[in-house]
Protein chains: 2
Amino acid sequence: MMPIKSEGRQKIQMARMEKASNLLVTFSKRRCGLFIYASEFSILCGVEIAIIVFFSGKKVFSFGHHQYVEMIVDSFFTKKQSC
Amino acid sequence: MMPIKSEGRQKIQMARMEKASNLLVTFSKRRCGLFIYASEFSILCGVEIAIIVFFSGKKVFSFGHHQYVEMIVDSFFTKKQSC
DNA sequence: TTATCTATTATTAGTCC
DNA sequence: TGGACTAATAATAGATA
């Protein structure tokens with residue numbers, strides 16, 4: 001079979017993604033993207049950054065090690081993940 | 001005088017920027033970039049995001065409207081700015 | 001500090017595994 | 001869920017105003 005050639009990055013509308021499968025993929029990619037971006041920002045400019053992402057009201061993903069963030073994240077008793 | 005033509009985006013080392021003037025410009029740009037990225041992520045994936053940036057131990061920039069973030073930011077009694 | 005400009009780098013949508 | 005792929009989009013370093 002001929003492999004399907006990628007058409008590369010596509011322009012998307014700035015609205016909630018409708019297809020659940022696409023949304024989940026984009027969620028994973030952009031969560032990593034956000035944390036990587038924050039990490040670079042932190043290194044380049046010597047700033048402390050705390051990020052909390054609330055997904056579906058269940059999952060919590062955190063970035064940074066600020067005491068307040070830890071407090072908040074812990075208070076949710078949810079699984080923590082990071083990039 | 002001939003205008004100096006831009007050489008476009010340059011590759012930079014992933015380390016704290018040494019020149020204070022460059023650091024400040026990059027700080028402003030990337031703070032906006034971070035918040036814009038977070039805003040897009042939030043819209044695309046329907047997630048709530050809270051971000052706090054601590055700069056020089058003085059300035060606090062926040063993104064998101066989560067109650068805990070407001071609480072934390074307020075506790076610093078510092079000027080709030082955003083993009 | 002912030003906005004504009006531009007060539008260049010960085011990210012990623014869609015897809016398959 | 002997570003990694004690889006690839007062309008296209010998006011962000012931005014450095015200079016300037």
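Below, chains carry the letters A, B, ... as their sequence lines are ordered, and counting in each starts from 1.
- Note: CZ (A:Phe35) to C1' (C:dT12) measures 17 Å, nearest angstrom.
- Atom CD1 in A:Ile36 sits about 10 Å away from atom P in D:dG3, given to the nearest Å.
- Rounded to an integer number of Å, the gap from CD of B:Glu18 to P of D:dG14 is 12 Å.
- For B:Asn22 and D:dA13, the shortest distance from a side-chain N or O to OP1 or OP2 is not below 4.0 Å.
- Between the CD1 atom of B:Ile52 and the CD1 atom of A:Ile52 there is a distance of 6.5 Å, given to the nearest 0.5 Å.
- Following rounding to the nearest Å, A:Ile12 (CD1) and C:dG14 (P) show an atom-to-atom distance of 6 Å.
- Nearest to the side-chain atoms of A:Gln10 among the listed nucleotides D:dA11, C:dG14, D:dG2 stands C:dG14.
- Here the side chain of B:Ser42 pairs no donor or acceptor atom with the backbone of B:Glu48 at under 3.5 angstrom.
- A 4.5 Å side-chain heavy-atom check between B:Leu34 and A:Leu34 finds at least one atom pair inside the cut-off.
- For the OP1/OP2 pair of D:dT1 and a distance below 4.0 Å, the side-chain nitrogens and oxygens of A:Ser28 include no atom meeting the criterion.
- Judged by a 6.0 Å distance limit and a 45° cone about the ring axis, A:Arg30 is positioned over the six-membered ring of B:Tyr37.
- For the atom pair B:Met17 CE and B:Thr26 OG1, the distance stands at 3.5 Å (nearest 0.5 Å).
- In this structure, the nucleotide among D:dA11, D:dT9, C:dT9 sitting nearest to the side chain of B:Lys11 is C:dT9.
- For the pair A:Tyr37 OH and C:dT9 P, the interatomic distance rounds to 18 Å; values are reported in whole Å.
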Collect all protein-nucleotide pairs involving nucleotides 4-6 of chain D in which both atoms are nitrogen or oxygen and the distance is under 3.5 Å.
residue: D:dT6; atom: O2; partner: A:Ser6; partner atom: OG; Å: 2.9

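- Axis orientation changes by 60° from one end of the helix from C:dT2-D:dA17 to C:dC17-D:dG2 to the other, with each end axis drawn from 5 pairs and the value rounded to 10°.
- Listed by first and then second residue, the salt bridge (Lys or Arg N to Asp or Glu O under 4.0 Å) pairs involving residues 7-26 of chain B amount to none (not counting sequence neighbours).
- Phosphate contact (OP1/OP2 of D:dA13, side-chain N/O of B:Thr26, threshold under 4.0 Å): present.
- B:Leu34 has its CG atom 12 Å from the P atom of D:dA11, to the nearest Å.
- Rounded to whole Å, atom P of C:dT12 lies 15 Å from atom CG of A:Leu23.
- Both B:Glu40 and B:Met17 sit near DNA chain D, but only B:Glu40 has its closest nucleotide nearer the 5' end.
- In this structure, A:Ile49 CD1 and A:Glu40 CD are separated by 10.5 Å, a value rounded to the nearest 0.5 Å.
- The nucleotide whose nearest atom lies closest to any side-chain atom of A:Arg30 is, among C:dA13, D:dA13, D:dA11, C:dA13.
- Closest non-hydrogen pair, A:Leu44 versus B:Leu23, comes out as O-CD1, 4.0 Å.
- Of the inter-residue distances, the one linking B:Cys45 atom SG with A:Lys29 atom NZ reads 11.5 Å to the nearest 0.5 angstrom.
- The interatomic distance linking B:Leu44 (CG) with C:dA13 (P) rounds to 7 Å, in whole Å.
- Taken together through direct or relayed side-chain contacts under 4.5 Å among Ile, Leu, Val, Met, Phe, Trp and Tyr, B:Val25 and B:Phe35 form parts of separate hydrophobic clusters.
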